[in-house]
Each structure stands twice: as C-alpha cells, then as structure tokens.
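Structure first, then comments.
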Protein chains: 2
Amino acid sequence: MRETKQKNLIMSIISNSYTHPTANEVYEECKKTIADISLGTVYRNLNLLACQGQIRRIKMPNNIDRFDRYSDHTHFICGICGKIFDVPGGYVKNIIDIDGHKVMDYELNFRGVCQNCLEKEGEI
Amino acid sequence: MRETKQKNLIMSIISNSYTHPTANEVYEECKKTIADISLGTVYRNLNLLACQGQIRRIKMPNNIDRFDRYSDHTHFICGICGKIFDVPGGYVKNIIDIDGHKVMDYELNFRGVCQNCLEKEGEI
DNA sequence: AATTTTAATAGTAACCATTACTGTTAAGAA
DNA sequence: TTCTTAACAGTAATGGTTACTATTAAAATT
C-alpha cells in the first residue's frame with residue numbers, strides 16, 4: 001500500500017472528527033484541501049481504512065454509512081431525528097469466543113428517542 | 001392498518017424463519033404462496049413491521065438489509081463469508097437511560113471470523 | 001538524478017437495493 | 001350490497017456506492 005496525500009487527508013479528517021461524517025461529508029471536507037479529489041477516491045480509502053480496522057463504519061437506518069475514529073464501539077441513534085451520539089463503554093462484557101467464532105470487534109447501537117426530541121415531544 | 005393476506009404471509013415467513021432473510025429472499029418465499037405479489041409490497045410491509053417493532057432489521061456490511069424475528073438482539077457476522085449467526089443474550093447490561101436519551105432497543109453485532117472460516121484458514 | 005514499475009487517482013458510467021408513483025383491487029365500515 | 005380508501009401490482013425513478021479507464025505519481029531500481 002502506497003502512502004498518498006489523499007489517503008493521509010482522509011485519515012486525518014476522520015481522526016479529528018467528532019461528527020461521524022458520511023462519505024460525502026468527508027468528500028466535501030477533503031475538497032477544502034485537495035480541490036479536485038474524486039468521490040471514488042474517498043470511498044475507496046474509507047473502505048480500505050475500515051477494512052484494516054483503522055476507522056469504523058457505522059450502519060445507519062437510512063442506509064447512508066457513517067465513519068468514526070476507531071475508539072468508539074457504542075452509539076445511540078435517535079429514531080426521530082436520526083442523529084447519532086457517542087456512548088461511553090462498559091455495556092458489553094465477556095466477548096472472548098462465541099460459539100466457536102473468533103470475535104475481533106463489536107458494534108453496539110442503542111435506538112430510541114434522544115433528549116432533544118424528548119423535549120420537543122413534551123411541547124406538543 | 002388493514003389486515004391483508006400479503007402482510008400476514010410476510011409476518012409468518014419472518015416469524016418462522018431462522019435464516020435472517022433479505023427482502024428479496026422474503027419476496028421469493030412469498031411467491032410460492034401468492035404468485036403475483038409485488039416486491040414493493042414486501043418492502044413496504046417489512047418497513048412497516050420493523051417500524052412497529054414486530055420484526056427486526058439487521059444492517060449488514062454489504063448494505064443489503066436482513067430481517068429477523070424480534071426476539072434476537074445480538075448477532076455474530078463473519079467478515080470472511082458474510083454469514084450471520086444468532087448469539088444468546090447476556091452481553092449487554094444497564095440499558096436504562098443513557099445521557100438523557102430514552103433507550104427503546106439495541107442492536108449488538110459481533111464481527112470476526114466464524115468457526116467454519118477458521119477451519120478453512122487452518123487448511124491453507 | 002533519471003528511469004521504470006505499477007498502485008492510486010480523477011472523472012465518469014454503471015450498478016442495484018430501495019423508494020416513489022399510478023391505476024387498480026379488496027378490506028372493512030356503513 | 002354499497003362505499004370508502006388503505007393496500008396492492010406493476011413499473012419507473014432515486015441515489016449511495018462501486019466499477020471502469022486513461023492518467024498520475026509513489027517509491028523502487030538503475
């Protein structure tokens with residue numbers, strides 16, 4: 001694998017982001033630095049980095065993937081506004097070996113209604 | 001909401017399935033009973049049932065959603081062959097209220113290499 | 001430093017799971 | 001039985017993602 005300025009830029013954008021950006025949002029951010037970067041390049045590198053375990057892919061209900069620094073395993077996704085929040089760990093235990101399968105990672109998504117949407121519901 | 005033979009059929013297929021079928025697989029199964037059922041009808045009812053919490057939607061790495069009886073929250077997905085396995089519960093604790101958000105459900109996906117792919121790797 | 005190799009890129013077209021649309025049908029109420 | 005309209009079948013459109021191709025530029029070699 002070759003080191004390119006495009007790959008480094010994409011990696012640094014994800015590393016420094018706390019917003020779980022979509023591929024297109026990463027693309028828009030990239031264009032500020034490399035004006036003619038290709039959307040395909042963004043997708044290819046996001047896939048590559050996710051496959052290598054350097055970043056995390058988060059599957060969203062609307063089928064638009066989001067990406068995240070690798071540190072977070074646990075998220076809360078609001079079913080009303082669709083926003084995604086980081087959640088501190090500690091909810092999962094005993095993850096070594098399940099039914100003979102080798103566990104390398106996990107993704108835990110809580111679903112419900114976020115604080116902001118709860119308050120809005122109260123106003124109705 | 002009206003009760004229709006299409007909706008009942010789709011619900012019964014999911015209820016009696018242990019294979020986490022895709023929308024298209026549900027469609028193919030439906031056609032054995034209702035030959036001219038529409039793929040759009042399958043999608044509409046799967047979305048409806050998932051939204052009502054009667055069935056569960058599982059987001060897969062390849063962006064093709066799978067559907068499941070509502071009982072299972074926890075799955076293991078193999079990164080090699082892509083197969084999905086049911087996992088008994090007990091891995092998640094303390095799921096009441098997170099940072100002020102109302103938690104109504106959760107999805108826990110373990111990722112790794114399944115037993116079968118582990119054995120194949122050993123053969124190389 | 002110049003040359004060579006080829007992985008990665010930019011730009012664009014294609015893919016395909018899913019959704020939207022429209023005229024028709026049938027569930028359930030009147 | 002008639003009426004209302006939610007749900008349906010069939011089909012077109014959408015859009016996130018992937019595939020393709022000529023070109024560029026890492027980085028190894030000379």
Side-chain angles (χ1 to χ4, degrees), chain A residues 1-14 17 19-52 54-68 77 79 82-84 109, chain B residues 1-14 17 19-52 54-68 77 79 82-84 109:
Chain A
M1 184 172 70
R2 286 178 184 170
E3 187 170 327
T4 66
K5 59 181 179 178
Q6 291 87 347
K7 188 176 297 171
N8 290 340
L9 176 60
I10 291 164
M11 186 63 205
S12 79
I13 285 171
I14 298 292
S17 172
T19 60
H20 318 93
T22 64
N24 201 62
E25 286 166 355
V26 174
Y27 174 56
E28 290 300 324
E29 189 64 28
C30 281
K31 284 199 284 190
K32 295 177 185 175
T33 304
I34 303 175
D36 71 337
I37 195 170
S38 171
L39 181 59
T41 295
V42 174
Y43 270 102
R44 184 169 8 83
N45 280 294
L46 287 173
N47 286 340
L48 196 64
L49 293 167
C51 191
Q52 293 175 337
Q54 296 192 254
I55 66 175
R56 177 179 303 281
R57 180 193 306 271
I58 307 168
K59 307 298 292 183
M60 298 293 286
N62 65 358
N63 275 332
I64 304 176
D65 292 356
R66 291 183 172 274
F67 297 87
D68 198 8
I77 300 169
K83 281 208 186 75
I84 180 169
N109 291 325
Chain B
M1 184 170 73
R2 284 179 184 168
E3 188 169 326
T4 65
K5 60 181 179 179
Q6 290 88 348
K7 189 176 297 171
N8 290 340
L9 176 60
I10 290 164
M11 185 65 204
S12 81
I13 285 171
I14 298 292
S17 173
T19 60
H20 319 93
T22 63
N24 200 62
E25 286 166 357
V26 173
Y27 173 57
E28 290 300 325
E29 189 63 27
C30 281
K31 283 200 286 191
K32 295 177 184 173
T33 304
I34 303 176
D36 71 339
I37 196 170
S38 172
L39 180 59
T41 295
V42 174
Y43 271 102
R44 184 167 11 82
N45 280 293
L46 287 173
N47 285 341
L48 196 65
L49 293 168
C51 190
Q52 293 175 336
Q54 296 192 253
I55 66 174
R56 177 179 303 280
R57 179 194 307 272
I58 307 168
K59 308 297 295 182
M60 297 294 286
N62 65 357
N63 276 332
I64 303 176
D65 292 356
R66 292 183 171 274
F67 296 87
D68 197 8
I77 300 169
K83 281 207 185 77
I84 180 169
N109 291 324

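Only a predicted model underlies this, so the values are computations on that prediction, with no experimental measurement involved. Lettering follows sequence order; numbering is per chain, from 1.
Among B/Ile37, B/Leu39, B/Ile14, the single residue meeting the side-chain contact (heavy atoms from CB on, under 4.5 Å) criterion with B/Val26 is B/Ile14. Screening B/Ile10, B/Thr41, B/Asp65 for a side-chain contact (heavy atoms from CB on, under 4.5 Å) with B/Leu46, the sole residue that qualifies is B/Ile10. In summary, of the residues considered (A/Ile55, A/Ile58, A/Thr22), a side-chain contact (heavy atoms from CB on, under 4.5 Å) with A/Phe67 occurs for A/Ile55 alone.
Taking NE2 of A/His20 as the reference point, atom CZ of A/Arg56 lies at 10.0 Å (rounded to 0.5 Å). In this structure, CG on A/Leu49 lies 6.0 Å from CE on A/Met11, to the nearest 0.5 angstrom.
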Please write out each protein N/O paired with an N/O of nucleotides 8-11 of chain C under 3.5 Å, distance rounded to 0.1 Å.
| unit_1 | atom_1 | unit_2 | atom_2 | d |
| --- | --- | --- | --- | --- |
| C/dA8 | OP1 | A/Arg2 | N | 3.1 |
| C/dT9 | OP1 | A/Thr4 | OG1 | 2.8 |
| C/dT9 | OP1 | A/Asn45 | ND2 | 3.4 |
| C/dT9 | OP2 | A/Arg44 | NH1 | 2.0 |
| C/dT9 | OP2 | A/Asn45 | ND2 | 3.4 |
| C/dT9 | O3' | A/Gln6 | NE2 | 3.0 |
| C/dA10 | OP1 | A/Gln6 | NE2 | 3.4 |
| C/dA10 | OP2 | A/Ser38 | N | 3.0 |
| C/dA10 | OP2 | A/Thr41 | OG1 | 2.4 |
| C/dG11 | OP2 | A/Asp36 | O | 3.1 |
| C/dG11 | N7 | A/Ser38 | OG | 2.9 |

Listed pairs, N/O of protein and of nucleotides 14-17 of chain C, under 3.5 Å:
none

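Annotated stems with DNA chain C as a participant read C:1-30 with D:1-30, given as range with range, by first number; only runs of 3 or more Watson-Crick or G-U pairs under 3.5 Å qualify.
Heavy-atom contacts from other residues, nucleotides or ligands closer than 6.0 Å to NZ of A/Lys31 number more than 12. Applying the 6.0 Å contact sphere to CD of B/Gln52 captures more than 12 heavy atoms from other residues, nucleotides or ligands.
The closest side-chain heavy-atom distance from B/Lys59 to A/Asn109 is not below 4.5 Å.
Here chain A contacts DNA chain D (any atom closer than 4.0 Å to a heavy atom, that is under 4.0 Å), and the contacts span D/dG16 to D/dA27 from 5' to 3'.
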**Item:** B/Asp36/B/Ile34 under side-chain contact (heavy atoms from CB on, under 4.5 Å): CA gap, chis, key distance, verdict
**Value:** CA-CA 6 Å; B/Asp36 71 339; B/Ile34 303 176; 3.6 Å; yes
**Message:** A/Arg57 vs A/Asn47, test: side-chain contact (heavy atoms from CB on, under 4.5 Å). Steps then yes/no.
**Reply:** CA-CA 9 Å; A/Arg57 180 193 306 271; A/Asn47 286 340; 2.5 Å; yes
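Contacts of B/Lys7 classified as salt bridge (charged side-chain N to carboxylate O under 4.0 Å, His left out), with partners at least two apart in sequence or in another chain: none. Residues passing the side-chain contact (heavy atoms from CB on, under 4.5 Å) test with A/Glu29, sequence neighbours excluded: A/Ile13, A/Lys32.
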